[in-house]
Amino acid sequence: MKIAALISGGVDSAVAVHRLVEQGHDIHLFYIRIGLDNGEGDCSAEEDIEMCQFIAAKYGLPFDVVSLHEEYWESVMEYALKTVREGLTPNPDIMCNRLIKFGYFEQRWGHEFDKTATGHYASTIIGSDGLVYLATAPDPVKDQTDFLARITYSQLSHIMFPIGDMPKSRVRELAIQATLPNAYRRDSQGICFLGKINYNDFIRRHLGEKPGPIVELETGRKLGEHRGFWFHTIGQRKGLGLSGGPWYVVKKNIHDNVVYVSQGYDTEKQYGRTLHLDEMHWITRDPELSEISFKNRHTPEFTPASLIRLSEREYVIQSENKIQGIAPGQFAVIYDRQGHICYGSGIITGQQINI
């Protein structure tokens, strides 16, 4: 098979390439280059590209660096900034996969190949209906299906996950055995393609500052000042600058520019069982399930729940467990009860629904 392999310079995508080579595929390597918004700090990209060149040379594979810089900033980060400006919590990684890796890349390069392969920890299965479904990886800590929960069926049908059946420990072992140059390289963290940028500096550069009060929810007492509600998200503990804590962000009033906090980890104000979802997206098809499991943040745990349909796009999750830090704007990712198949996702609205 002719395969376009997306490679990042990290060990996961390198081992994915190694396995594809072992399987005898005709492989072309691609590195998607995205620069920072201020044009600075691109040295990490140079290091990544150099590592990719080593991998390409090791296996004698063609390698191209392709730029989707403008597309990334006009779609993914514009979405993120718009969401933050509205007082909501975005997930750039989810939109990055849909719009960039499996969106623009597919339209311009990937469609010329039989498949596009990545180093994601995920897998695919064929259902009893003959359709392709997104399935979880055996390593629950590394599973990345929640970041793929917004892709389309046509995108899923064209993807390969060569390391999706392996735990991270085995990926490292295989990298060492294959003497890959990045076998001991640390995993990258942070926002999709941008890595560990200073988030507050990034937001400040684009949205500026808008000082306002930090208020204790239960008493109405002003405890301090924030520099803009967009620097804070529901469930946040660090970075509030308040004494006598721990304090947690539990609510934001965007109209009046107020950030509300509550004290103590176990405050009931932090928890909820009902999540109202809008813009529901099913990857393959609507599973028409009532008993599900879900995630509302990147975590190894699946939470059991009931799923109630209000309309074609609106659903309600009724969780069996209390959920901490329900953040409007984030995605709730829907799985089967066993946490094996990832069906899709909806956007948490924060709207209060009585069921």
Side-chain angles (χ1 to χ4, degrees), residues 3-8 12-13 16 30 32 34 66 68 71-72 74-80 83 90-127 129-137 142-165 191-193 277-287 289 292-298 302 307 312-313 315 329-336 339-348:
I3 295 174
L6 290 175
I7 187 168
S8 65
D12 295 333
S13 59
F30 290 90
I32 299 175
I34 308 290
V66 296
L68 288 173
E71 293 80 357
Y72 178 83
E74 289 175 3
S75 56
V76 176
M77 295 316 291
E78 185 53 44
Y79 142 79
T83 304
N91 192 319
D93 295 276
I94 286 181
M95 300 309 288
C96 181
N97 282 320
R98 173 169 172 145
L99 299 175
I100 302 298
K101 291 179 184 174
F102 307 122
Y104 286 110
F105 176 81
E106 284 293 297
Q107 293 164 17
R108 296 181 189 172
W109 298 282
H111 72 277
E112 297 178 358
F113 296 80
D114 297 317
K115 292 281 186 179
T116 294
T118 76
H120 282 96
Y121 287 87
S123 60
T124 57
I125 62 170
I126 305 297
D129 54 7
L131 299 176
V132 182
Y133 287 85
L134 179 63
T136 52
K142 298 302 294 183
D143 178 70
Q144 293 175 302
T145 50
D146 51 331
F147 294 131
L148 297 165
R150 216 69 185 168
I151 63 173
T152 66
Y153 184 71
S154 62
Q155 289 172 340
L156 178 66
S157 302
H158 200 249
I159 301 173
M160 288 180 71
F161 302 116
I163 63 169
D165 61 340
I191 297 175
C192 179
F193 285 120
L277 310 182
D278 200 0
E279 300 183 42
M280 180 63 80
H281 168 76
W282 301 116
I283 300 170
T284 301
R285 65 177 181 86
D286 183 347
L289 293 177
I292 63 161
S293 62
F294 77 98
K295 295 181 181 182
N296 68 313
R297 55 168 49 84
H298 186 56
F302 298 87
L307 185 66
E312 185 177 345
R313 290 161 57 91
Y315 286 74
Q330 278 283 27
F331 293 90
V333 182
I334 310 298
Y335 297 84
D336 63 8
H340 178 49
I341 299 175
C342 177
Y343 286 113
S345 62
I347 299 177
I348 299 169

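All figures in this text were calculated on a predicted structure; none of them were measured in a lab.
- Between the side chain of Thr118 and the backbone N or O of Leu6 there is no donor-acceptor pair closer than 3.5 Å.
- Atom CG of Asn91 is separated from atom CD1 of Ile347 by 10.5 Å, given to the nearest 0.5 angstrom.
- Using modelled atom types, one side-chain atom of Ser123 and one backbone atom of Ala135 make a donor-acceptor pair closer than 3.5 Å.
- Every residue two or more places apart in sequence or in another chain that forms a side chain to side chain contact (heavy atoms under 4.5 Å, CB included) with Asp165 is listed here: Arg19.
- With sequence neighbours excluded, no residue forms a ring pair (Phe, Tyr, Trp, His ring centres under 6.0 Å) with Phe161.
- Using a 4.5 Å heavy-atom cutoff, the side chains of Leu307 and Leu289 are not in contact.
- Separating the CD1 atom in Ile348 from the CD atom in Glu279 is a distance of 12.5 Å, to the nearest 0.5 Å.
- Residues Gln155 and Phe102 share a closest heavy-atom pair of NE2-O, 2.7 Å.
- Using a 4.5 Å heavy-atom cutoff, the side chains of Gln330 and Arg297 are not in contact.
- Across all non-hydrogen atoms, the minimal contact from Ile334 to Met280 is CG1-CE, 4.3 Å.
- Applying the side chain to side chain donor-acceptor pair (under 3.5 Å) rule to Tyr133 yields the partners Asp129, Arg285; only residues at least two apart in sequence or on another chain are considered.
- With sequence neighbours left out, the side chain to side chain contact (heavy atoms under 4.5 Å, CB included) criterion links Ala4 to Phe30, Phe105, Phe113, Thr116.
- Glu106 meets the salt bridge (charged side-chain N to carboxylate O under 4.0 Å, His left out) test with no other residue; sequence neighbours excluded.
- Expressed to the nearest 0.5 Å, how far CH2 of Trp282 lies from CD of Glu312 amounts to 12.0 Å.
- One finds the CG atom of Leu99 at 11.0 Å from the CG atom of Leu68 (value rounded to the nearest 0.5 Å).
- The distance from the CZ atom of Arg98 to the OG atom of Ser75 is 11.5 Å, given to the nearest 0.5 Å.
- Considering only heavy atoms from C-beta on, Leu156 comes within 4.5 Å of Thr284 through its side chain.
- For Gln144, the side chain to side chain contact (heavy atoms under 4.5 Å, CB included) partners are His120, Tyr121, Phe147, not counting sequence neighbours.
- Contact between Val333 and Ala149 at its shortest, heavy atoms only, is CG1-CB, 3.6 Å.
- For Ser293, the side chain to side chain donor-acceptor pair (under 3.5 Å) criterion is met by no residue, not counting sequence neighbours.
- Every side chain to side chain contact (heavy atoms under 4.5 Å, CB included) that Thr145 has, sequence neighbours left out, goes to Ala122, Leu134, Thr136, Asp143, Tyr335, Cys342.
- Here the side chain of Arg150 pairs a donor or acceptor atom with the backbone of Ser345 at under 3.5 angstrom.
- The shortest side-chain heavy-atom distance between Met160 and Ile3 falls under the 4.5 Å cut-off.
- Remark: the backbone N or O of Val132 is paired with a side-chain donor or acceptor of Tyr153 at under 3.5 angstrom.
- With sequence neighbours excluded, the residues that form a side chain to side chain donor-acceptor pair (under 3.5 Å) with His298 are Asp146.
- Contacts of Asp286 classified as salt bridge (charged side-chain N to carboxylate O under 4.0 Å, His left out), with partners at least two apart in sequence or in another chain: Arg309.
- Taking 4.5 Å as the limit, every side-chain heavy atom of Trp109 sits out of range of all side-chain heavy atoms of Ile32.
- Considering every non-hydrogen atom in both Pro92 and Met77, the closest pair reads CB-SD, 4.5 Å.
- Considering only residues two or more places apart in sequence or on other chains, Arg313 meets the side chain to side chain donor-acceptor pair (under 3.5 Å) condition with none of them.
- Each salt bridge (charged side-chain N to carboxylate O under 4.0 Å, His left out) pair with one or both residues in residues 112-123, not counting sequence neighbours, would appear here, but there are none.
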